[in-house]
Amino acid sequence: MVSAKVVVGSKVGLHARPARLLVEAAGKQPVRVLIGRDGGKPVPADSILAVMSLGVGGGEEVVVSADGEGAERALEAITALLAEDLDA
Amino acid sequence: MERLTGSPASPGTVFGPAARMSAPPALPERWDHVDDAPTELARAVAALIAVSEDLRRRAEPLSGEARDILEVQSAMAADPAIEDGVREAVEAGSPAAWALRDSFDAQIEKLAAIGGYLAERTTDLADLRDRAIASVLGLAPPGLPVSDKPYVLVSGDLAPADTVTLDASLVLAIVTEKGGPTSHTAIVARALGIPAVVACAAAAGLADGDEVLVDGTAGTVVRDPDAELVAEVARQTELAREELARHSGPGSTKDGHPVKLLLNVGGAGAVAADAEGVGLFRTEFLFLDRVEAPTVEEQRAAYGKVFAEFGGRPVVIRTLDAGADKPVPFANADDEPNPALGVRGYRVGVRNPELLAAQLEAIALATGDHDAQVQVMAPMIATPAEAAAFARVARAAGISRVGVMIEIPAAAVLADAILAEVDFVSIGTNDLSQYTFAADRMLGELGFLLDPWQPALLHLVSGIAAAGARAGKPVGICGEAASDPGLAPVFAGMGITSLSMSAPAVPAVRAALRGRTLAECQALAAEALKSS
């Protein structure tokens, strides 16, 4: 399993538009991607309900993880997306 | 021919076919246990995909917030958590429709338990649940009718979510069984210039395809009107249109006494139109549905867009009016027993001084960026001391013209003392009615108390106008009453100096003012105050 930390770039945090874009991208990955707070229980990144329930704010750090073939590339794609300001 | 009566909510008369909002499907309490779980799961998943794709399609032609709302809803329908719940339920023997209900209801419960912003999303999930169940059962989706021909929208009531996607080029008029003249439906209808009749209980008997004549000025609906009546109404409408087109430019009475005609705007994208400025620039749009306050720079840019649109003209911007029907999670997510009597309006700013300070700073910065004559006012001021405190922080922030809204009877009674503290006041007639008559704005049954012609309300307005005259300071009205062409001369006669309304209401108000001299307006005002 690989994991990485990333600071959420969207000012509004992970809800509405940024959450939807994350979920869409996570759903396209060949492996299941998980997201959560450091030390917290990770949730599937392809579930908008789960992602919004985290209540992650802009500028907060999250941990993204994935397992299996293609996990590293999936991780790269998702962390790059999270670092962007998706609400701009 | 059958005549139904309700409350007039948005002026204008039209004739067309009725189309009902479909009610959510009702599931019988009992059902047969099914053994073929894979088939039921496939049916439920097909329904979820259909709903998700339908919402995505409907989002495409939209932009901004409306598009975001639908796209997030579309993503929720495709959420694997919903499918997981459905799988569990069909394996336990539930048919597809019941499995969908159980899965959605479990998610709704979860979100409701988290509270705040997420609890509000439960209405989106309930809507998805109803759409998915309707799809599985082969019923029409609940919500707005699907039609490419113009229709008269008939419903029990309209949820704010329904109005987001309301297509003004298709909806000829709105008729609702519930709601009052200051309900959300009425305000949206007026903003879009769509005639509306609300609190028309008999509309429950209207069916799809019924030919109806809707008179939003009188508050009546005629089912199957005869051809003669339809022709007469069309002729009257044409005459009225010609009359309105004769006037343009600044508002004034027949003999030239000026009454400024201003616009109520709710965000960027306001059209300057044929108006003299902005009497009420609501700033809530930047704050609602957010988990954190917008930054000073973000606010500066958003306010600047409207200031630029109205360059050279007055723009009265109102500080955040959160609370009651407009919750803002980071400022007032309190669970109050009576939110209309709670921490709302200016009180939110007192509790969160940093929020108010950031907003005033952004307004001052945006004022420097543009040449509009920017003035700022606070909502829900109750005492002269509050007015003084607000004026102090606003002036310290560099804003030169400061006013307050009078929406609480206490402030109306002490209008002289309030005006001693600020440069102008603006009357919010909706809330002033609500608090004067102790009548909830959302209750259709109490609509008669919220009628702006109520003499007690007019007495308060007249008293505030007189206080303004004594102080030599402007007194405007920016509530719904300002858009009533019948009341415009009455207000002018009382000494009100400006009327602020949604853009479609301006021509009729302008024409009503031009039709009378100031002396005639004063006589009308005296007459209106006498009635009881």
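The sequence lines fix the lettering, A, B, ..., with proteins before strands; numbering per chain opens at 1.
Summarising the geometry, atom NZ belonging to A:Lys11 is positioned 6.0 Å from atom CD belonging to B:Glu298; distances are rounded to the nearest 0.5 Å. The distance from atom CD of B:Glu71 to atom CG of A:Leu21, rounded to the nearest 0.5 Å, is 8.0 Å.
For chain B, no part of A:Val23 is nearby; none of its heavy atoms comes within less than 4.5 Å.
In terms of heavy-atom pairs under 4.5 angstrom with chain B, the leader among A:Ser53, A:Gly13, A:Gly27 is A:Ser53.
Other residues, nucleotides and ligands contribute only 12 or fewer heavy atoms inside 6.0 Å of the CD atom of B:Glu109. Heavy atoms from other residues, nucleotides or ligands lying under 6.0 Å from CZ of A:Arg73 number 12 at most. Atom CD of A:Glu61 sits in a crowded spot, with more than 12 heavy atoms from other residues, nucleotides or ligands closer than 6.0 Å. Heavy-atom neighbours of B:Glu354 CD from other residues, nucleotides or ligands within 6.0 Å: above the threshold of 12.
When all heavy atoms are compared, the tightest approach of B:Asp68 to A:Arg17 is OD1-CD, 3.7 Å. Contact record, A:Leu49 with B:Asp79: N-OD2, 2.7 Å, taken as the closest heavy-atom pair. Here the closest heavy-atom approach between residue A:Ser47 and residue B:Ala81 is recorded as OG-CB, 4.1 Å. Closest approach of A:Arg20 to B:Ala75, counting heavy atoms only: CG-CB, 3.9 Å.
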